[in-house]
Structures are given as C-alpha cells and as structure tokens.
Amino acid sequence: MTEFTSEIRETVLRSATKEVVIARNRPFCIIGERINPTGRRIFQEQLRAGDLSAIDRDVAAQVAGGANVLDINMGVPLTDEADLLVRAIQRVQDLTDLPVCIDSSVLEALEAGLRVYQGRALVNSVTAEDERLAAVLPLVKKYDAAVIALPNDEEEIPMGADRRIELVAKIVEVATTEYGIPIEDIVIDPLAMPIGADTGVVVTTMETARRIRDTWGLNLTCGASNVSFGMPARHVLNATYLPMAMAHGMTSAIMDARTPAVVESVRAADLLLGNDEWGGSWIASHRAKQAAAAAVP
Ligand code: THG
C-alpha cells in the first residue's frame, strides 16, 4: 500500500456537455466556492424563503473569474436541504456548463442532488469515519461520481502528517476494495487550516500533500481560503499559498474565483510548473485583458 507511484491519475468530471479533468499534468482546477450560504445572513434568509435567485450572481461571478467547477452548498439550518440542493443544482445547470461539486453532509440531500445532476459530479465530502464511509461511498458508486475525502476520523482531526497519511491509506483501501471505487476518483483534502491558529499548519498540509502524491498519485484539493482566515491581507496569503500547495501536489482547490490576484497566481503557477504548454493560456489571457482595456472608450 505504501509503494511509490509516479502514475498520473485523471479525475474526470462532467456536466451534460462539458468535461473537466483534474490531473497533475493539467492546469489547476479552480472549484468556485461562492454558492454557499455559510456566513452570509441575507443569502440564508433568501434561501429560507425559497428564493434562490442570488445564486445567479454567484454563478456569473465565479464563471467570469475563471472557475472550472462550481461547489454547491445549501447548508442552512432549519431548512429542507435536499429540496434546496436539488433546486440549486438544477438552477446552476441551466446557467452554466461547468461540472459541479456537491457539498453536503446530509445524506438525503447528497443523494437527491446526485439523482438530479446530469453528469459526473464530485461529492464533497467523506471522512475516514467508518459510519461516513459506509453511508457516502455507496452513493458515490451508485451515481458514478468522484469523491473528496478528508483524513479525519471519529477520534480527531490529526495535527500531524503521519496520522493523516494513515487515514488516507484507510480511505483508499476501503473505497477501492469494499466499494469498487476507482482510485483516480478519490480526491484527498489534506486539511488546510488557518495559519493564524498555528504557524505550523500550512507546512504540515504541504508535507501531507506531497506524501499523498508520491505514495498514491492521488489528486488533491483543499479549502484555500481557510488558510488566511482571521488574518489581514487575505488575498496576498491565498495568492502565495496556492502555488506553494501546487508545487507539493495540490491539483485543485475550493476557492473564490472572483479575486483576480489569486486566480492569476494559480495560472502563473500552472505555467511555472510546466502545465501550460508554450505559455499559451498565460499569453492568451494577457492579450484578452489588453483587448478588453483597449475596448473601453
Ligand atoms: N474543504 C472541503 N470543502 C469545503 C471546505 C474545505 N467546503 C466549504 C469550505 N471549506 C470552502 N467554501 C467556502 C465558502 C465560502 C466561504 C469560505 C469557504 C466564505 N467565507 C467568508 C469568510 O471567510 O469571510 C464568509 C462569508 C462572507 O463574508 O461572504 O465566503 O476546507 N473539502
């Protein structure tokens, strides 16, 4: 289980009309995080009243900013999350051809969302807890989805890389042998935590990411804005963190695609890490910006 692999794993996601591949020899996959009511009081009230129209603006902003996949989270206390999630997924599918990442800890909501989604979704997320693995992985298999897995269990969120690696080994073993999930459909979130809580946490995440890449070749993701939580100049920290994580094997992130400095930093790292052939995308995006500036009267 701990033999090293240099194999490149392709996690294939699809909408009805578009395919997105997450892999370490491809441009980084930006998973837009904004379709999420956490910490947004007005959006929560709208959702409670059954008004999902704010999603339209969030989709437009994430798409315009360069998101490749959209995370959809409808976690509002005291609501029918399954119903909201189904309606949100349908609305997003009408607005964009980007594949989605279905973000819910409520099983009924997850299944309802997977049932109506037309394509191959990314499920966010499962932990290494026996009960969660047994509940979520059959749905991942049934609906032919890919899954984000977090290396924490019923005991703890481990603070050291060694224990996180043990839990990744458990997840990989259970998902592939007990549930028949292809290894390339497992995307690990090595747990990105706020640097403000402990200045060692980012180094631990980097080490964990690199070891997962070198051991299994798995794709990786993280909640990128967690890192700067509570700190000033968050965009600078996020824009610095992501290329570092990418150099350690991070192949995607759940992040805010509305901030050009952060997205540009990711695309610069694509080029510098050899994943933008001839700098084609980098140069094309620079020319598009020049043309847009010139078009302003
Ligand atoms: N890993 C995985 N999934 C995740 C996370 C993770 N999903 C949820 C979260 N973390 C990532 N998504 C978001 C979505 C929105 C915001 C942050 C993370 C957000 N935060 C504002 C803030 O931080 O200030 C609060 C809202 C606001 O003020 O607008 O928007 O780590 N697998």
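Below, all heavy atoms of this structure are taken into account, side chains as well, without hydrogens, waters or symmetry copies. Only a predicted model underlies this, so the values are computations on that prediction, with no experimental measurement involved. Order of listing sets the numbers, starting from 1, for every ligand and every atom in it.
Side-chain contact, Tyr117 with Gln90: no donor N or O sits under 3.5 Å from an acceptor N or O. Residues Asn152 and Thr127 have side chains that never bring a donor and an acceptor to within less than 3.5 angstrom of each other. Between Asn238 and Ser228, the side chains place a donor N or O and an acceptor N or O closer than 3.5 Å (distance only, hydrogens not considered).
For ligand 1 and Gly223, the ligand atoms under 4.0 Å from any heavy atom of the residue are 1 (N), 6 (C), 31 (O). Taking every non-hydrogen atom of Asn124 and a distance limit under 4.0 Å, the qualifying atoms of ligand 1 come out as 2 (C), 3 (N), 4 (C), 7 (N), 32 (N). Here is the list of ligand 1 atoms found below 4.0 Å of a heavy atom in Thr38: 26 (C).
From the protein, the heavy atom lying nearest to atom 1 (N) of ligand 1 is Asp189 OD2, 2.7 Å. Closest protein heavy atom to atom 28 (O) of ligand 1: Gly39 O, 4.2 Å. Regarding atom 24 (O) of ligand 1, its nearest protein heavy-atom neighbour is Arg234 NH1, 3.4 Å. Among all protein heavy atoms, the one lying closest to atom 31 (O) of ligand 1 is Asn226 ND2, 2.8 Å.
Judged purely by atom type and a 3.5 angstrom limit, Thr205 uses its side chain to pair as donor or acceptor with the backbone of Val201. Here the side chain of Asn68 pairs a donor or acceptor atom with the backbone of Ile30 at under 3.5 angstrom.
Comparing Ile254, Asn36, Asp103 by heavy-atom distance to atom 7 (N) of ligand 1, the nearest is Asp103. With Met193, Arg34, Glu33 as candidates, the residue nearest to atom 30 (O) of ligand 1 on a non-hydrogen basis is Arg34.
For atom 9 (C) of ligand 1, the protein comes within 4.0 Å by no heavy atom at all. Proximity of atom 21 (C) of ligand 1 to the protein is not indicated, since no non-hydrogen protein atom lies closer than 4.0 angstrom.
Electrostatic pairing of Asp185 and Arg120 counts as a salt bridge here, judged by a charged N lying under 4.0 Å from a carboxylate O.
Residue contact check for ligand 1: Met255 places no non-hydrogen atom closer than 4.0 Å to it.
Within the 4.0 Å heavy-atom criterion, neither part of Thr221 lies near ligand 1.
For the side-chain hydrogen bond (donor to acceptor under 3.5 Å, both in side chains) with Asp256, the qualifying choice from Arg34, His235, Gln62 is Gln62, the only one to do so.
Taking distance alone, with nitrogen or oxygen atoms compared against 3.5 Å, Ser225 stays at or beyond that limit from ligand 1.
Note that CG of Leu271 is 7.0 Å distant from CH2 of Trp282, once rounded to the nearest 0.5 Å.
Between Pro190 and Leu220, the closest heavy-atom pair is CD-CD2, 4.1 Å.
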